[in-house]
Amino acid sequence: MLSIASKRLVLAHFWVAFAAFFVSLLLGEWQMYIRSPLRDWIGNPELYYRSVTAHGTAMGYVFPTLVAMGFGYAIVELSLKQAIVGRRWAWLGFWLLVLGTVTAMVPVSMGLATVLYTFYPPLVGNAFYYIGVVLVVAGSWIWVGSMSVNLAVWRRANPGAVVPLPMFANLAGAYLWAWTSLGAAIEILFQILPVALGWTDTIDAGLARVFFSWTLHAIVYFWLMPTYIAFYTLVPRAIGGRLYSDKMARLSFVLFLVFSMPIGIHHLFQDPQVGSGVKFMHAIFTAMVSVPTLLTIFTITASIEIAGRLRGGVGPFGWVKALPWQNPMMLAVAFSFVMLGFGGAGGLINMSYQLDFAIHNTQWVTGHFHLIFGGAIVIMYFALAYDLWPHLTGRALAAGRLMRLQLWTWFVGMIVLTFPWHLVGILGMPRRMAYFDYSHPAISPQAVTVIITFFGGLILVFSGLLFLLILLRGHRSGKVTLPEFTFSRAVHEAERIPAALNGYALWLALMIGLSVVNYGYPITQLLFLKQTSVPAVPVGERP
Amino acid sequence: MSDAKVFSRHNRWFTWSIGAVVGLALVGALVAFVWLPRAHAQATLEGLWDAICSAAGAPAPFQGAGLPEPGGHNPSGVIVSAYMMGPVGTASVGNGATLAMACTMCHGARGTSPAGTPHLAGQPASSTYKQLRDFASGHRPSAIMQPLVVNLREEDLRDLAAYYASLERERIDAVPVSDTGTPRLVRNGDPMRAIGACSACHSPHARRPATPVLEGLSETYLREQLTAFRDGRRSNDINRQMRNAVHGLNEREIAELARYYAGR
């Protein structure tokens with residue numbers, strides 16, 4: 001059970017996360033509205049990009065980081081069954097994140113840091129935006145340390161014991177984040193901040209992009225971690241089944257750890273400063289990420305089948321019908337898989353050197369990451385919040401129909417939003433456009449897709465609002481005495497496990513080694529290359 | 001279980017995971033930095049090492065297209081431009097005609113000869129002049145031509161070129177007229193092998209400076225020159241134009257081109 005103090009800690013993380021989520025959801029929908037043909041053009045593209053910066057920063061950095069942190073703290077107590085060690089540090093991390101978010105958002109809302117959330121130089125915004133992002137990352141590093149320390153304390157108390165799967169996976173996410181956030185941190189601290197603070201006025205934009213790619217792709221797997229932890233440790237229990245294989249789960253998480261990192265340069269396929277051989281290496285390892293992904297799809301589907309058969313389902317498909325479809329967790333995992341399937345298929349296009357050329361920097365890319373992150377990942381955040389909420393509030397969360405409506409609308413809204421983006425992306429519509437000239441004969445046939453995405457966004461806003469209402473109602477419903485919180489049990493409980501799958505040393509060594517192999521040369525080469533810096537362009541000034 | 005046990009040759013997890021990742025990285029690197037660059041090098045005429053460097057992203061030092069590689073020498077000492085020859089007077093042609101008396105043994109009394117030497121009559125002055133200069137400077141090595149032109153003055157070379165340009169081209173009766181159609185390489189080149197069409201430069205209508213007229217030239221001479229460009233024995237073509245064009249040609253294609261131009 002969670003102690004009162006831990007409940008407050010986790011709830012604080014979740015509520016700030018969901019508040020940031022909802023505000024940026026509204027911003028996203030506003031962007032859809034003002035650039036659609038439904039109203040006259042607002043006349044100032046800067047307002048649109050200001051909104052994109054806030055939307056992306058809150059959705060990409062603040063929201064998932066807080067969810068992972070809050071969920072991580074809950075996992076410590078629920079799976080290790082020990083009080084969180086270093087709760088003060090945890091609160092310090094939390095407040096650093098809040099402070100960082102506010103520090104970053106003030107210059108953004110003033111229009112001083114309209115650099116988009118990817119902050120690619122030579123465009124450089126107000127220093128406080130970057131300081132805010134650094135504070136967010138620093139806060140999350142405290143969490144990484146806290147997770148590591150808590151496991152160490154547990155290990156000392158339980159020498160030789162098998163680390164429970166939720167905590168094992170949790171640590172994989174924490175270590176992945178620690179290593180991957182380094183790229184953007186180096187870029188901000190050593191390249192961007194010196195310019196933003198006025199100490200220098202040139203910047204090596206190519207090198208900065210390489211450093212950002214270090215973070216840019218693996219961060220997606222960090223976002224994915226809470227979702228995957230929910231797949232493996234919540235879904236089978238919630239739908240009355242068993243986890244098909246504990247070992248397979250551990251293998252997936254360590255493979256994510258190893259292969260998430262050395263692949264980021266597939267974001268730079270069209271960048272001239274990186275050689276084609278390096279890009280090819282990154283494409284190969286990007287393809288390797290499909291291995292833990294497919295392992296997960298297989299293991300979770302098998303676990304769900306176990307639940308279906310335990311509930312009396314027979315035949316090759318009878319078990320599907322027998323599944324508890326009224327259960328929000330069942331619905332969420334099904335929707336998540338559908339969106340992961342479409343998003344993953346699209347991702348195969350993005351990671352292929354030649355195919356990427358056709359959709360690079362088009363709406364396709366926007367569609368892809370909204371489908372994967374906003375769809376497959378976030379819908380499981382909802383589900384895990386629903387699952388944890390009664391244990392956090394001590395009150396019942398008896399709104400099954402509303403939850404199902406919320407999950408359905410999120411799924412439908414996300415499909416309506418992202419499928420047209422994929423289509424127009426293939427037709428060549430660029431991403432990050434504040435305005436389209438709908439009177440242009442070549443563009444006017446695509447106007448309808450912008451209207452459709454607006455309505456997709458509208459459904460998502462409705463769903464997001466419903467989500468907050470359900471959680472708020474959960475704070476006001478009647479108190480309940482709950483049975484002890486449990487995670488999924490595997491078909492074969494992990495009493496003995498290979499030492500390699502009970503720790504991280506081997507996988508961290510591989511992760512760091514592969515990162516050095518795949519990033520060492522481009523970074524070293526760009527570091528020592530002469531004449532690569534260009535004049536920085538402060539936000540609001542002409543280049 | 002301690003991590004010390006994990007890092008051991010006897011732990012299959014250790015050996016297999018390290019082996020698989022290292023193997024994957026090695027295979028990937030072989031494809032990325034050796035196989036693909038090799039295929040690329042064959043298509044673009046780069047050296048293999050240049051192709052590997054470019055696959056790794058190491059930029060080549062900046063180099064103007066018309067300049068030789070650092071440390072290398074110019075393909076020619078002549079600066080070729082549309083205005084390289086200047087106006088030609090009758091005195092010039094007369095002086096050239098006098099000097100040309102020394103050339104008749106091989107190149108014929110009026111600049112056309114069945115001896116297998118190139119016909120000079122009707123060749124653009126810029127073309128003849130550039131070759132004479134290249135013979136003199138050694139950019140186009142020739143044991144026969146170099147001693148003959150090395151002592152001539154700059155003005156003499158220009159006059160010789162002007163004289164031959166003023167002559168009408170004559171046909172050699174012994175050479176049968178080509179009855180085949182225009183080869184594809186002449187009309188279109190071969191874009192898939194990055195070969196431009198011959199007629200893009202070697203056409204009476206193209207009027208490129210320092211570009212000879214090929215029609216009616218000796219078949220043996222043409223074949224020998226194409227092969228020399230291909231093998232790198234002749235390298236006085238600016239920007240490697242000819243060497244790039246013919247490096248992908250096979251013997252049959254070279255023979256076909258030589259026969260075609262000789263018969264026109």
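Chain naming here is simple, since letters A, B, ... match the order of the sequence lines and numbering starts at 1 in each.
- Within the model, atoms CG of B:Leu36 and OH of A:Tyr353 stand 10.0 Å from one another, a figure rounded to the nearest 0.5 Å.
- A distance of 4.5 Å separates CD1 in B:Ile18 from CG in A:Leu510, rounded to the nearest 0.5 Å.
- Scanning both residues, B:Leu24 and A:Phe285, for their nearest heavy atoms gives CD2-CE2, 3.5 Å.
- With chain B as partner, the option from A:Pro522, A:Gly277, A:Ala283, A:Ala500 having the largest number of non-hydrogen pairs under 4.5 angstrom is A:Gly277.
- Other residues, nucleotides and ligands place more than 12 heavy atoms under 6.0 Å from the CZ atom of B:Arg187.
- Taken to the nearest 0.5 Å, the OH atom of A:Tyr521 stands 8.5 Å off from the CZ atom of B:Phe33.
- The parts of B:Phe14 that come within reach of chain A are both its backbone and its side chain, each placing non-hydrogen atoms under 4.5 angstrom from that chain.
- Only the side chain of A:Leu251 comes within less than 4.5 Å of a heavy atom of chain B; its backbone N, CA, C and O stay farther away.
- Remark: B:Arg233 CZ is packed, more than 12 non-hydrogen atoms of other residues, nucleotides or ligands lying under 6.0 Å away.
- A:Leu506 and B:Ser17 get closest at one heavy-atom pair: CD2-OG, 3.4 Å.
- Around the CD1 atom of B:Ile79, the shell of radius 6.0 Å holds no more than 12 heavy atoms that belong to other residues, nucleotides or ligands.
- A pairwise comparison of heavy atoms in A:Met281 and B:Ala32 identifies CG-CB, 4.1 Å as the closest pair.
- When each of A:Val517, A:Leu501, A:Leu526, A:Leu514 is scored by its heavy-atom pairs under 4.5 Å with chain B, the top score falls to A:Leu501.
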